[in-house]
Amino acid sequence: MNQLSEYVFSFDHDPSDCVMSLLKQGQVHGLVTDEDLQVFYLKLYSLLAKQADRYMEGRSSSIPKETAEELMKSILYVIGMEIRSEDNGYKALHKLMSWDVDYLFGSGLSVIQKKLKKVRHLQKSILNNLVISQNSYYRSTIEDGVNAFFDLYSPQYGAHLIHITADYPLMAQRPSCQGVLFMEQYLTFIQIENRFLLQVDEEDLHHIMLSVSEHYEKIPVNLCQPAVFSALGRVLCGKNPEGVILQDADVERLKGILSVNADHLKEMVHHAMHQLLFAFHTGRKETEYFMSLTDGLAKQIHQAIIDNTLHKLFVVPAKQKKKGHALLSYENRMNDEQYSALSHFLLWCDDAKAKVEKVRQCVGSLSDLLDLLDEGLLDQDECDALIEQMDTSAKEMLLCYVRGKEFLDTPSQMIASALVGCGCTSGNI
C-alpha cells in the first residue's frame, strides 16, 4: 500500500494512460483482483454504450469500430482527469474502484471545464502582452489556432483530441499529453518564453531572427532560442546579457571558451544560464523552465563545436541598429497599424520599465508622443523616465514646444513637469 501511495501522476501522462497504469499497479500490489477488473470493465462498457447512443442521437443502433475506440479513449481521459485530482496512487485507485463510473465521468467533465476556463484566461493573458514580431506563425497560433481548439474541442466525445496542429514550435519538446492538458502546457511554455522575449529589444530580436533565416517571418521557427543563445554567449564572454547582440569577435572567443569536454561544457552552460536568468529577473516558473533546457542547449553547443557550426547557434546580425537615447522629430510618425500595436501593448502592460522601453524603441515623432500622453497610455512617472533617457537635442525640442504654447494641455503639462524633474529648466516654463 505504501508503494502505491508514492505513485505520482506525471503531468506529461495522459489521463487515459493514468487509468490503465493505475489498474496495473493495483494488480501488482494485490489491491485489484481479476474479478475487480471484470466488474470495472463491465461498468466501463455500459458507459460506452450510453455515450455511443448519445453520440449517434438515435440515428443507428451501432457505430463503427473506430468511433467506438475513440469514444472509449475519451471516457478514460475524462475519468482520468478526476482521479488525477488525488494526491497519491492509493487514494486514486480507491476512488476508481469504489465510485460509480457515471459519477466519475461527470465529475471529470467538470474538471475539464475548469481547465478550459484556465486555458482561455492563459491565452488572453499572453495575447495582452504578446511580443511584437513579424513572424506570422506566432500570433496566429496563439490566437487563431487556440480559438480553433476551443471551437472544435468536445470533452463529452473527444476529450483526448487536440484537433489543431499547433504550428509554432517551442524551445522545449512538444508536450506529449493530449486534449486540454496539451493546450494548458503548450500555452504555459509559450507564456514563459514570451516573458523572456519581452525583455529583449524588438529590433534586436528582428535582426537576430533575420540572421537565423531571412525568411523567418513566413516559417514556423521559435523566436526565443536564438535570443537565449545570444544572451548566453554574452554571459560566457563576460558581458552583460541584456544587450543580447553578439559581435564576430565574441563568436571567435566562444570557440575557444567552449572547446572543452562535454561534462565541463554542461557545467559552464548551467552556470551561465543561472547568471542570465538572474540578470533578467525571471520568476520561479521561468527559471525552472529554462534550467530544464540547459542540458539540451549544451549538447547543441558541443555538436556545433565538433561540426564547426557555432556561428549558426550564436548568430551575429548582419544589420544592427545604433543604440542611443530616445530621439524626436516633427516627422517620422508611425502608421496606423504600428500605433495601434503600440497602444495595445501600453494598455495591457503593467510593467512601467517595459512600457518606457517600448516607447523609446518605437516613438520617433513628437506627435505620436503627444497622442500617447493625451490618451493616458503613459502616466507621469513613465513620462518622466522616458524624457530622462532622451538626448539633449530632444529635450531642447520639447522645451521649445511647451514654451511656445499659450495654454498647456495635459500632454504639455506632463512634458513640462518631466523637464523640470530632470533639471532641464526651472519651474518657470
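Source: prediction; values computed, not measured.
For Arg120 and Phe150, the positive end sits near the middle of the six-membered ring, less than 6.0 Å away and at most 45° from its axis.
Thr165 and Asp167 share a donor-acceptor pair across their side chains, judged by distance under 3.5 Å alone. Side-chain polar atoms of Glu193 and Tyr289 form a donor-acceptor pair below 3.5 angstrom. No donor-acceptor contact under 3.5 angstrom links the side chains of His281 and Gln199, judged on distance only. Judged purely by distance below 3.5 Å, without hydrogens or angles, the side chains of Asn128 and Ser125 never pair a donor atom with an acceptor atom. In this model, a donor atom of one side chain and an acceptor atom of the other lie less than 3.5 Å apart for Gln380 and Asp384.
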For a side chain to side chain contact (heavy atoms under 4.5 Å, CB included) check, start with the C-alpha distance between His270 and Asp295, then their side-chain angles and the critical distance, and finish with the verdict. CA-CA 8 Å; His270 271 255; Asp295 285 354; 2.8 Å; yes
When you look at Glu382 and Leu346, which way does the side chain to side chain contact (heavy atoms under 4.5 Å, CB included) test go after all the steps? CA-CA 11 Å; Glu382 292 159 353; Leu346 296 175; over 6 Å; no
With side chain to side chain contact (heavy atoms under 4.5 Å, CB included) as the criterion, how do Val111 and Ser85 come out once you've worked through the C-alpha distance, each side chain's angles and the decisive distance to 0.1 Å? CA-CA 9 Å; Val111 174; Ser85 62; 5.6 Å; no
Checking Tyr186 against Tyr168 for the ring-ring contact (aromatic ring centres under 6.0 Å, His included) test, could you report, in this order, the C-alpha distance in whole Å, the side-chain angles of both residues, the deciding distance, and whether it holds? CA-CA 10 Å; Tyr186 181 69; Tyr168 180 76; 7.6 Å; no
Criterion side chain to side chain contact (heavy atoms under 4.5 Å, CB included) on Leu342 and Gln338, from CA distance to verdict: CA-CA 6 Å; Leu342 176 60; Gln338 291 171 326; over 6 Å; no
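With respect to Lys312 and Asp307, no salt bridge is recorded, no charged nitrogen being found less than 4.0 Å from a carboxylate O. The pair Lys50-Asp102 meets the salt-bridge criterion, with a side-chain N (NZ, NE, NH1 or NH2) lying under 4.0 Å from an Asp/Glu carboxylate O. Ion pairing between Glu242 and Arg234 fails under the 4.0 Å rule for side-chain N and carboxylate O. Salt-bridge formation is not detected for the pair Glu288/Lys285: no Lys NZ or Arg NE/NH1/NH2 atom is positioned less than 4.0 Å from an Asp or Glu carboxylate oxygen.
To the nearest 0.5 angstrom, Ile79 atom CD1 is 10.5 Å from Ser107 atom OG. In this structure, OG1 on Thr294 lies 6.0 Å from CE on Met273, to the nearest 0.5 angstrom. Once rounded to the nearest 0.5 Å, the distance linking CZ of Phe182 with OG of Ser176 reads 10.0 Å. Here the CD1 atom belonging to Ile301 is positioned 7.0 Å from the CG atom belonging to Leu310, to the nearest 0.5 angstrom. A distance of 12.0 Å separates NE2 in His271 from CG in Leu276, rounded to the nearest 0.5 Å. Taking CZ of Phe229 as the reference point, atom CD of Gln225 lies at 5.0 Å (rounded to 0.5 Å).
Side chains of Tyr339 and Leu372 form a contact here, defined as non-hydrogen atoms less than 4.5 Å apart. In this structure the side chain of Thr141 never reaches within 4.5 angstrom of the side chain of Val146, judged on heavy atoms. A 4.5 Å side-chain heavy-atom check between Met183 and Lys115 finds every atom pair outside the cut-off. Here the side chains of Leu96 and Phe40 are in contact, with some heavy-atom distance below 4.5 Å. Within the 4.5 Å cutoff, the side chain of Ser230 has no heavy atoms near those of the Ile245 side chain. Side-chain atoms of Leu198 and Phe280, non-hydrogen and from C-beta on, never get closer than 4.5 Å to each other. With contacts defined as side-chain heavy-atom distances shorter than 4.5 Å, the pair Cys224/Phe290 qualifies. Considering only heavy atoms from C-beta on, Gln191 stays 4.5 Å or farther from Asn129 through its side chain.
Counting heavy atoms of neighbouring residues, nucleotides and ligands inside a 6.0 Å radius, atom NZ of Lys118 does not exceed 12 of them.
No donor-acceptor distance shorter than 3.5 angstrom exists from the side chain of Asp250 to the backbone of Gly233, with no hydrogens or angles considered. A donor-acceptor pair under 3.5 Å links the side-chain atoms of Asn135 to the main chain of Ile219, judged by distance alone. Without hydrogens or angle criteria, Ser340 side chain to Asp336 main chain gives no donor-acceptor distance under 3.5 Å. The closest donor-acceptor contact from the side chain of Arg253 to the backbone of Cys237 lies under 3.5 Å. Ser417 places no side-chain N or O within 3.5 Å of a backbone atom of Gln413 that could act as its donor or acceptor partner. Using modelled atom types, no side-chain atom of Ser21 and backbone atom of Asp17 make a donor-acceptor pair closer than 3.5 Å. No donor-acceptor pair under 3.5 Å is formed between the side chain of Glu82 and the backbone N or O of Leu109. At distances below 3.5 Å, at least one donor-acceptor pair connects side-chain atoms of Gln123 with backbone N or O atoms of Ile142.
Ring geometry, Tyr216 versus His206: the interplanar angle falls from 30° to 60°, so the pair is classed tilted.
Evaluated for a side-chain contact (heavy atoms from CB on, under 4.5 Å) with Ile415, the options Ile387, Val420, Leu399 yield exactly one hit, Ile387.
Nearest heavy-atom pair across Pro155 and Leu116 is CG-CD1, 4.1 Å. Minimum interatomic distance between Tyr41 and Met20 (heavy atoms only, all atoms of both residues): OH-CE, 3.3 Å. What you find for Leu104 and Trp99 is that their closest heavy atoms are CD2-CE3, 3.6 Å. The two residues Asn222 and Leu170 have their closest heavy-atom pair at ND2-C, 3.4 Å. The two atoms that bring Pro317 and Ser211 nearest to each other are CA-OG, 3.0 Å, heavy atoms only. The two residues Ser74 and Ala159 have their closest heavy-atom pair at OG-N, 2.9 Å.
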